[in-house]
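Report on one structure; see the data block that follows.
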Amino acid sequence: IGIYIRLFEMLGHCKQPEAATHLFQQMRRNGCEPSTEVYTALLSAYTRSNRLNLALSTFKQMKQQPDCFPNIYTYSLMIKACSDACDFDLVRTLLLEMGSAGIEPNIVTYNSLLDAYGKAGLLDKMENLLLSLINNKVFKPNVWTQNMILKNFGKWGQVTKMEEWYERLTSLGVESDITTLNTLMSVYGKERLFEKMIAVMEYMRRYHYNLDTISYNIMIDAFGKAGMVQQMHKIFNLMKFEGVRPD
RNA sequence: AAACUUUCGCGGC
């Protein structure tokens with residue numbers, strides 16, 4: 001059983017939803033009873049390839065099986081899939097369904113929903129939900145919440161909002177990680193705020209965050225798009241000097 | 001063992 005879950009996970013990463021379907025059928029022919037975990041892994045393989053309809057029909061099928069009750073992982077996954085498709089009515093249905101099943105959403109569930117609002121440009125909804133989570137003290141935002149909030153304000157050009165929320169979340173005790181700082185650099189790069197982008201890089205070097213391939217890609221990309229060739233070369237040379245390999 | 005975030009790809013709609 002664990003092997004099947006591992007295989008579904010691998011097929012998900014390789015974007016092979018059809019192969020996952022076949023594996024599931026084969027599993028059943030071999031007399032293996034599906035479980036919550038197996039269905040969740042299968043659904044994950046589907047949603048990783050954005051096969052929402054296939055995931056929805058499989059989810060329905062899952063709920064008709066004995067001993068295959070969706071759990072918090074299953075619901076979070078389905079909520080993310082519906083969120084990514086901007087089907088917020090379906091998200092609401094799933095949240096209600098979870099509630100009646102006695103399953104409470106957690107920070108991961110809300111992170112998916114917050115990100116979906118952000119991606120759709122519904123920044124007010126995103127911010128209001130975040131504020132209510134903070135004010136109700138149900139969940140502490142975590143570093144994933146922070147990174148996603150910063151990215152979404154940045155994505156829509158709201159740099160000041162992004163900086164305000166960075167300060168606020170930091171003051172609430174959320175730590176920054178390499179992804180946080182890469183996100184800030186990416187936004188500053190897109191906005192052509194190169195001095196801020198470089199300031200983040202220097203901060204990272206000063207405080208011993210190891211810049212990774214993504215960090216350098218972000219900066220090279222930003223300078224490249226602006227046609228700033230010698231700055232681009234400087235970053236490239238720094239990357240070689242630091243022993244980070246390009247991809 | 002299975003769910004959430006940053007660059008670029010690949011895949012899907």
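Per chain, numbering begins at 1; letters A, B, ... match sequence-line order.
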### Message
Any non-hydrogen side-chain atom of A/Phe139 less than 4.5 Å from a side-chain atom of A/Thr145?
### Response
no
### Query
Taking CD1 from A/Ile218 and P from B/U6, how many angstroms apart are they, rounded to a whole number?
10 Å
### Sugar-phosphate only, base, or nothing, as touched by A/Glu37 at under 4.0 Å among non-hydrogen atoms
base
### Query
By centroid distance (under 5.5 Å) and plane angle (under 30°), are A/Tyr73 and B/A2 in a stacked arrangement?
yes
### Message
Just so I know, are the side chains of A/Met204 and A/Ser215 near enough to count as touching, which here means a heavy-atom distance under 4.5 Å?
### Response
yes
### Query
Taking A/Gln146 for the side chain and A/Glu175 for the main chain, is one N or O donor matched with an acceptor at less than 3.5 Å?
yes
### Message
Here's a test of your reading of the structure: between A/Asn50 and A/Asn142, which maps to the more 5' nucleotide of RNA chain B?
### Response
A/Asn142
### Task
Starting at atom CG of A/Leu11, determine the distance to atom C1' of B/G12, rounded to an integer number of angstrom.
15 Å
### Message
Over all strands shown, is A/Asn106 touching base, sugar-phosphate only, or nothing at heavy-atom distances under 4.0 angstrom?
### Response
base
### Query
Across the strands shown, which category fits A/Ser186 at heavy-atom distances under 4.0 angstrom: base, sugar-phosphate, nothing?
sugar-phosphate
### Query
Is there a donor-acceptor contact under 3.5 Å from the side chain of A/Ser57 to the main chain of A/Asn53?
yes
### Message
Rounded to whole Å, please give me the gap between NZ in A/Lys155 and P in B/U5.
### Response
13 Å
### Message
Apply side-chain hydrogen bond (donor to acceptor under 3.5 Å, both in side chains) to residues A/Lys190 and A/Ser186 and explain how you reach the verdict.
### Response
CA-CA 6 Å; A/Lys190 279 196 197 93; A/Ser186 167; 3.3 Å; yes
### Query
Given atom NZ of A/Lys80 and atom P of B/G12, what is their separation to the nearest angstrom?
18 Å
### Query
How would you label the contact of A/Arg6 with the nucleic acid (heavy atoms, under 4.0 Å): base, sugar-phosphate, or nothing?
nothing
### Message
On the side chain of A/Asn71, is there an atom forming a donor-acceptor pair with the base of B/A3 - under 3.5 Å, no angle test?
### Response
no
#### Entry: Nucleotide B/G11, atom P - distance to CG of A/Leu54 in whole Å
19 Å
### Task
In whole angstrom, give the distance that lies between atom NE2 of A/His13 and atom C1' of B/A1.
13 Å
### Task
Mind calculating the distance between OH (A/Tyr110) and C1' (B/A3) to the nearest angstrom?
15 Å
### Task
Could you tell me the separation between the CE atom of A/Met27 and the C1' atom of B/A1, rounded to a whole number of Å?
14 Å
### Query
If only side-chain N and O atoms of A/Arg48 are considered, is one of them under 4.0 Å from the OP1 or OP2 phosphate oxygen of B/A2?
no
### Query
So what does A/Asn53 hit on the nucleic acid, given a heavy-atom distance under 4.0 Å: a base, only sugar-phosphate, or nothing?
nothing
